[in-house]
**Q** 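My structure is below; once you've seen it, I'll send some questions.
Computed from a prediction, not measured in an experiment: that's the story for all the values here. By convention in this document, chain letters (A, B, ...) are assigned in the order of the sequence lines, proteins followed by strands, and residues within each chain are numbered from 1.
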Amino acid sequence: MPSENPFALFRSECETALTHALQKVLPGIKVETLTFSKPPNIEFGQLASSLCFELGKKLNQKPGDLATHLAKTVGKQKFTLLNKVTAVGGYINFHVDFPKFSFLTLESIRQLGSVYGFVKTEKPLKIIVEHTSVNPLHPIHIGQARNPMLGDALARILKQRGHMVSRHYYIDDVGRQSSVIAYGYQKLGCPEPDEKADHFVGKIYTITSCLVEINRLRKNLELAKAVSPADEVARITKEIDEWMSIAAELKEKYPALFEKLMTKISEDENPEEEINKLNRAYEDGEPEAKRLIREVSELCLKGFRETQARVEVYYDSWDWESDFVWSAQVTEVLRKLKSSPFVYSENGVLEFDAEKVVRILNLKTKLGLGEDYVVPPLTLVRADGTTLYTTRDIAYSLWKFSRAEKVINVIGMEQSLAQLQLKIALYALGYDKYADNFVHFAYNLVTLPGYKMSSRRGRYITFDEVLDEAVERAYEEVSKRSPQLSEAEKREIANFVGIGAVRYALVDVDASKPVVFTWDRVLNFETNSAPYVQYTHARACSILRKAEKKPEKPAFELLTEKLERELVLALASFPDTFIEAAEFLKPNFLADYANSLADKFNTFYNALPVIKAEPRGLSDARLALTDAIRIVLHNALNSIGILAPERM
RNA sequence: GGGCGGGUAGCUCAGGACGGAUAGAGCAUCACCCUCCUAAGGUGGGGGUCGUGGGUUCAAAUCCCACCCCGCCCGCCA
């Protein structure tokens with residue numbers, strides 16, 4: 001019978017063993033929980049307890065003596081996987097019965113195949129993972145690309161954990177910036193894109209935004225010259241200069257488009273006002289504004305979908321922010337909030353007193369806030385009656401909770417405060433259960449070493465460029481390494497290698513750490529990269545192919561080399577790693593795991609023969625081992641969205 | 001000023017939630033290994049005050065306190 005978690009079986013035997021021994025040796029002593037750690041070296045056993053150090057202190061005995069005594073007592077019991085127990089320097093070390101354990105592990109993996117390691121949760125939940133949600137104004141850039149890579153990996157992992165996961169994309173089409181692009185697009189006569197749609201939209205957006213900004217600043221400057229102090233005038237002048245140099249950059253890059261937009265926009269006396277008008281019209285749901293903004297947004301989203309298909313990221317639902325405004329869900333939320341004691345009006349502006357909620361409902365500890373910390377208030381409604389982003393997001397969150405028990409928002413950590421206020425708003429509305437299950441998965445920014453990325457200024461490296469470059473580099477590599485392959489094969493390999501490399505590079509680093517984007521990081525095809533793990537997988541497949549036989553009579557007791565045992569142990573621990581990755585939302589655990597398993601296998605590969613090993617039983621056992629490694633590498637890569645190739 | 005995140009080898013990062021045995025990888029660098037299952041590989045060398053200072057503990061990179069440095073946030077932007 002296969003085990004879905006062989007190592008857990010061993011661990012639980014060790015727990016039982018130690019518990020019994022404790023009862024016998026020290027009947028009066030109560031130990032709350034037994035914790036085990038992995039010894040630094042496999043020769044010390046596979047699990048260890050450091051219990052005797054604290055017990056020794058408590059009982060005024062030498063840890064070494066205690067450990068010896070306990071180990072001896074355990075040794076008298078009978079177990080399946082636990083072979084022997086030793087005492088070394090105060091530690092109690094538990095040794096697994098490798099012949100049995102290898103058999104159990106390898107046979108389990110080979111029987112369970114593509115589901116091995118994906119231990120199902122006991123409490124399956126409906127979970128919405130909202131990720132990416134890049135505004136439809138310009139192509140997804142490398143700074144934003146970390147989001148779908150993390151979000152998609154999380155969604156995959158949670159699904160494999162047995163949850164019902166739905167991936168949502170929130171289209172933020174309400175707000176000034178959407179009107180800016182729509183305005184420029186309209187000025188050009190709503191043209192058909194002559195290139196990838198989002199790139200096309202991005203150019204129009206940047207140029208329009210720049211021209212409108214300059215126009216606005218010039219008006220401000222004239223006003224300031226009349227009424228404001230000199231330093232204010234100087235500040236505006238400086239800002240204009242900055243935008244002028246951006247305009248010069250844009251004019252050089254896209255001369256025709258720039259000219260055309262400049263001519264068209266200069267026809268308007270006050271472009272700023274036109275944009276605001278459009279914005280209001282859209283929020284009011286006027287048909288012409290709706291048609292225009294939806295059209296240009298859809299255009300951009302079409303480009304996004306192409307990019308997402310390249311990296312195999314898909315969504316179950318595309319949620320338009322505007323729908324929440326038009327359907328009165330935002331109004332309804334505001335009504336409820338207004339009737340709570342946590343909302344006040346100030347100078348015609350509606351404010352949400354998050355601090356008051358926290359104080360009255362006693363949430364400080366629950367939310368992990370310091371006693372002295374005062375949560376800033378959140379503006380819900382402007383003086384002109386329009387709502388703000390976070391206000392609308394409250395309505396959206398409630399909508400999400402109407403179709404899921406848990407909501408995970410993959411959003412940059414710069415929005416931590418807004419996400420906190422949103423959570424507090426849920427408590428204020430009495431939705432404690434929602435609030436408790438509202439998770440902000442925060443990740444740190446991706447920056448470029450030279451300058452700050454800025455979408456508004458058109459200064460960014462697009463995700464598409466990065467993918468193209470990665471695939472191109474991979475193509476050069478594969479041509480160099482495997483010139484005998486056909487052109488089609490090379491292209492295919494280059495594609496999954498390049499894209500895998502990018503995915504890996506963006507998932508591998510802990511989400512809380514900032515990433516400085518360098519081509520070197522993404523185009524790394526050596527150890528600690530997707531290509532390395534993919535290559536290792538292909539290598540295992542190659543051995544199995546060349547063997548031309550099935551491991552019919554594997555003699556698992558012959559797997560006595562340290563390398564082999566370390567491999568078996570690593571394979572047996574995959575379920576634990578997976579569970580941790582899922583519970584703590586750490587996709588990088590799986591990337592690291594895959595890399596370290598690949599490391600071990602490559603060492604083994606170089607040191608020991610598989611097919612030609614003698615006797616036959618050993619060869620078969622090593623083949624079974626190789627097969628298990630193939631399966632686990634595949635599963636680990638799969639869970640973070642990276643393809644495991646059979647050849648490369 | 002307050003909040004959040006980060007600070008581990010020349011560089012990029014694991015490890016940190018749950019304290020344990022000599023702090024691990026990769027890149028770069030130097031020297032090796034394809035008569036052998038894929039060299040996108042492997043072996044070995046050099047390289048560390050785990051930001052600083054205290055504290056708790058038998059035991060601290062890990063926990064607590066203070067401080068320093070970097071990033072982000074504290075808007076009628078999103």
**Q** Mind checking what makes side chain to side chain contact (heavy atoms under 4.5 Å, CB included) contact with Ser322(A), not counting sequence neighbours?
**A** Asp173(A), Val174(A), Tyr282(A), Arg294(A), Trp320(A), Trp326(A)
**Q** Quick one: list whatever passes side chain to side chain contact (heavy atoms under 4.5 Å, CB included) with Gln415(A), sequence neighbours left out.
**A** Tyr389(A), Ile411(A)
**Q** Please compare Asp384(A) and Arg521(A) by the position of their nearest nucleotide in RNA chain B and report the one closer to 5'.
**A** Arg521(A)
**Q** Can you list, pair by pair, the side-chain donor-acceptor contacts under 3.5 Å of residues 45-55 of chain A, counting residues two or more places apart and other chains?
**A**
unit_1, atom_1, unit_2, atom_2, d
Gln46(A), OE1, Val96(A), N, 2.7
Gln46(A), NE2, Ile42(A), O, 3.2
Ser49(A), OG, Leu51(A), N, 3.2

**Q** My understanding is that only residues two or more places apart in sequence, or in another chain, count here; which of them pass salt bridge (Lys or Arg N to Asp or Glu O under 4.0 Å) with Glu492(A)?
**A** none
**Q** Using atom C1' of each nucleotide, how far apart are C27(B) and A40(B) to the nearest Å?
**A** 15 Å
**Q** May I ask you to list the residues of residues 498-509 of chain A, by number, that have any heavy atom positioned under 4.0 Å from an atom of RNA chain B?
**A** Val509(A)
**Q** For residues 540-552 of chain A, run the donor-acceptor check on the side chains, cut-off 3.5 Å, and write out each pair with its distance to 0.1 Å, sequence neighbours left out.
**A**
unit_1, atom_1, unit_2, atom_2, d
Arg545(A), NH1, Glu646(A), O, 3.4
Lys549(A), NZ, Ser619(A), OG, 3.1

**Q** Polar atom pairs between nucleotides 21-25 of chain B and protein, under 3.5 Å, N or O only, would you list them?
**A**
unit_1, atom_1, unit_2, atom_2, d
A21(B), O4', Tyr91(A), OH, 3.3
A21(B), N6, Asn93(A), OD1, 3.0
A21(B), N1, Asn93(A), OD1, 3.4
A21(B), N1, Asn93(A), ND2, 3.4

**Q** List the protein contact pattern of nucleotides 28-38 of chain B with one symbol per nucleotide (5' to 3'): B for base contact, S for sugar-phosphate-only contact, - for none; contact means a heavy-atom distance under 4.0 Å.
**A** ---------BB
**Q** Not counting sequence neighbours, which residues clear side chain to side chain contact (heavy atoms under 4.5 Å, CB included) with Glu272(A)? List them please.
**A** Arg176(A), Val212(A), Arg216(A), Asn270(A), Asn276(A)
**Q** Show every donor-acceptor pair shorter than 3.5 Å between a side-chain atom in residues 363-383 of chain A and any protein atom, with sequence neighbours excluded, or say none if there are none.
**A**
unit_1, atom_1, unit_2, atom_2, d
Lys364(A), NZ, Glu355(A), OE2, 3.2
Lys364(A), NZ, Tyr373(A), O, 3.0
Lys366(A), NZ, Asp436(A), OD1, 3.2
Thr379(A), OG1, Glu351(A), OE1, 3.2
Thr379(A), OG1, Glu351(A), OE2, 3.1
Arg382(A), NH1, Thr386(A), OG1, 2.8
Arg382(A), NH1, Thr387(A), O, 3.2

**Q** If you measure from the P atom in G42(B) to the same atom in G53(B), how many Å do you get, rounded?
**A** 38 Å
**Q** Which donor-acceptor pairs under 3.5 Å do side chains of residues 579-589 of chain A form with protein atoms, sequence neighbours excluded?
**A**
unit_1, atom_1, unit_2, atom_2, d
Glu583(A), OE2, Arg161(A), NE, 2.8
Glu583(A), OE2, Arg161(A), NH2, 3.3
Lys586(A), NZ, Asp510(A), OD2, 3.0

**Q** Between the protein and nucleotides 57-67 of chain B, which nitrogen or oxygen pairs are less than 3.5 angstrom apart?
**A**
unit_1, atom_1, unit_2, atom_2, d
C58(B), OP1, Lys57(A), NZ, 3.2

